[in-house]
2 protein chains.
Amino acid sequence: MLHDPAQLDLMFQALADPARRQMVDRLSRGPASVSQLAEPLAMSLSAVVQHLNVLEASGLVRTQKVGRVRTCQIEPKALRAAEHWINERRLAWERRLDRLGDFLAESE
Amino acid sequence: MLHDPAQLDLMFQALADPARRQMVDRLSRGPASVSQLAEPLAMSLSAVVQHLNVLEASGLVRTQKVGRVRTCQIEPKALRAAEHWINERRLAWERRLDRLGDFLAESE
DNA sequence: TCAACACTGAAGCATTTACTTAACTATTGC
DNA sequence: GCAATAGTTAAGTAAATGCTTCAGTGTTGA
């Protein structure tokens with residue numbers, strides 16, 4: 001579910017925008033309402049809602065509305081999926097370098 | 001240098017495109033020329049070069065030209081920087097959850 | 001020397017993105 | 001009830017993105 005390429009696509013796309021990363025950063029310190037998320041951002045509330053929708057569609061953020069306030073929180077599983085994608089590629093590269101080093105050492 | 005927000009911006013932007021992630025994936029298995037990178041992709045060589053320029057500007061990929069072939073490789077430091085950004089936010093969230101759990105347990 | 005090769009760069013174009021404003025809905029507190 | 005609050009939705013727009021084609025440049029091997 002989380003490793004499906006389409007979802008990964010949405011996640012990396014979501015993280016590509018600085019405003020959305022700032023929102024994720026804010027949420028990493030605890031849940032927040034839409035207005036709280038908007039407060040440090042130099043844009044209309046409407047724009048923030050649109051960013052939030054992108055984040056929610058990507059699975060990085062989960063929200064629930066109680067009364068008139070929508071409370072947002074991070075979905076750590078999704079963050080972990082993105083992290084994992086990068087990590088695997090980096091490790092593959094580094095393992096390759098290690099093997100290469102071993103090979104060169106042996107052929108001394 | 002690597003934690004500067006502008007660079008982080010370029011990296012996440014670069015990773016947002018599926019073709020570019022495919023290129024990074026390919027490079028994680030070892031260096032490749034531009035044509036080798038292009039081979040599995042359903043687009044012109046020119047388009048691949050443009051993607052490659054984005055990857056290089058982001059610092060995720062380093063290239064060097066020898067004769068007429070440009071050889072590309074991953075820059076693991078840059079991958080690590082992106083990984084680190086995500087990891088820090090996720091950990092902040094999870095630590096917060098832990099503290100909350102402790103608090104609830106104590107107030108029993 | 002010259003044709004094939006491996007790119008490179010510029011121009012153009014369709015689509016997507018990141019906003020804006022404005023009009024609207026649903027809650028809440030008094 | 002009614003005004004303020006909190007968010008939503010739609011429409012429009014300017015800029016960015018992801019391609020394309022085409023016309024190059026420099027390199028290599030026969």
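Proteins get letters first, then strands, A, B, ... in listed order; numbering begins at 1 in each.
If you measure from atom CD of A:Glu56 to atom P of D:dT8, you get 9 Å, rounded to the nearest angstrom. In this structure, A:Leu45 places its CG atom 15 Å from C1' of C:dA23, rounding to the nearest Å. Look at CG on B:Asp17: it is 13 Å from C1' on D:dA16, rounded to the nearest Å. In this structure, the CE atom of A:Met43 is 17 Å from the C1' atom of D:dT8, given to the nearest Å. In this structure, CG of B:Leu37 is placed 13 Å from C1' of C:dC7, rounded to the nearest angstrom. What separates CZ of B:Phe12 from P of D:dT17 is a distance of 17 Å, to the nearest Å. In this structure, the CD atom of B:Glu39 is 13 Å from the P atom of C:dC7, given to the nearest Å. Spacing between atom CG of B:Leu52 and atom P of C:dA6 amounts to 16 Å, rounded to whole angstrom units.
Of the two residues near DNA chain C, A:Arg20 and B:Ser33, the one whose nearest nucleotide lies more 5' is B:Ser33.
Taking only distance into account, the side chain of B:Arg68 meets the base of C:dC5 through a donor-acceptor pair shorter than 3.5 Å. With hydrogens and angles ignored, a donor-acceptor pair under 3.5 angstrom links the side chain of A:Ser46 to the base of C:dT21.
For the OP1/OP2 pair of C:dA26 and a distance below 4.0 Å, the side-chain nitrogens and oxygens of A:Lys65 include no atom meeting the criterion. The shortest distance between the side-chain N/O atoms of B:Ser44 and the OP1/OP2 oxygens of D:dT20 is below 4.0 Å. In this model, the phosphate group of C:dT17 is not approached by any side-chain N or O of A:His51 to a distance below 4.0 Å at OP1 or OP2. Using a 4.0 Å cut-off, no side-chain N or O of B:Gln50 falls inside it from OP1 or OP2 of C:dA10.
Taking all atoms of both residues into account, the shortest heavy-atom contact from B:Leu15 to A:Trp85 is CD2-CZ3, 4.1 Å. Nearest heavy atom pair, residue A:Ala57 against residue A:Leu10, reads O-CD1, 3.7 Å. Taking every heavy atom of both residues into account, A:Ile86 and B:Leu79 meet most closely at CG2-O, 3.4 Å.
The CZ atom of A:Arg90 lies 12.0 Å from the CD atom of B:Glu75; values are rounded to the nearest 0.5 Å.
Both A:Leu8 and B:Leu41 are part of a single hydrophobic cluster, where members link through side-chain heavy atoms under 4.5 Å apart.
Backbone-only engagement by B:Gln13 is indicated by non-hydrogen atom pairs under 4.0 Å involving sugar-phosphate atoms exclusively.
If you check D:dT8, D:dC19, C:dT20 against the side chain of A:Ala47, the one that comes closest is C:dT20.
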